Amino acid sequence: MRILVIEDEPRLAGHISRALARRGHTLAMKHDGAEGLRAALADAPDLLVLDLNLPTLDGLAVLAKLRQAKCPSRVLVLTARGEVVDRIKGLEAGADDYLAKPFSMEELAARVEALGRRGGATSASDLFRLADLHMDVIHRRVTRGGRPIALSPREFDVLQVLMQEPGRPFSRTELCERVWQRDHEYDTRTVEIFITRLRKKIDSPFSAPLIHTLRGVGYVIRLPD
Ligand code: CA
């Protein structure tokens, strides 16, 4: 993958870059937010490793501008230790995953690899339809009522898992496993944030909601009542 690391601590940025380059990725580095944003918009790398606390433009602002510009890059945010608020803000702003500092290079590589795998699940079909919601997996396109809907890569993955089996309830844990491939860490808050993000795009602008919460169970996508 082509990976851009935006991290202002030169030693950490260097460690990250070397660790990922050793695993066969192509790396670029920027050390402040504004420059990082320019590079990301110019090159649309496959993945951004984005520190949140950056000079000139903080990571959240970089993320917001990238998503506004419909930049398709996947984004892994680096958060300060124990800053749950940062993590939640990062995910709400459009990040695909997060890693809390300090982390080992093995953890980082595992997160990067999981983000590189396209879609949390495999399927026999590439086109899904539910009511007026259409999903084209090959071209990564989603429309509802003929209107294109821009989804971040991980939002797309969550929707894909649901759309593959309409009417089938998924627990938060199962969604987390299928999409983020975290085997040991059941981070259900992340799933909730992504469902909220999806609803804003898929359901809120339309009259009939398709994504439903099943109390004590999880989520299901199904035809409106
Ligand atoms: Ca920093």
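Being a predicted model, the structure only gives us computed values, none of them experimental. Just so you know, residue 1 is the first one in the sequence shown, and it goes up from there. For ligands, and for the atoms within them, numbers begin at 1 and follow the listed sequence.
- The cationic atom of Arg154 (NZ for Lys, CZ for Arg) does not lie both less than 6.0 Å from the six-membered ring centre of Phe194 and within 45° of the ring axis.
- Taking backbone and side chain together, Glu7 holds no N, O or S atom under 3.0 Å from the Ca ion (ligand 1).
- At least one N/O/S atom of Asp51, from backbone or side chain, sits under 3.0 Å from the Ca ion (ligand 1).
- Annotation: cation-pi geometry satisfied between Arg144 and Phe206 (NZ/CZ under 6.0 angstrom from ring centroid, within 45° of ring axis).
- In this structure, CE in Met105 is found 9.0 Å from CZ in Arg22, a value given to the nearest 0.5 Å.
- Looking only at N/O/S atoms, Asp8 comes nearest to the Ca ion (ligand 1) through OD1.
- In this structure, CZ in Arg141 is found 12.5 Å from CE in Met135, a value given to the nearest 0.5 Å.
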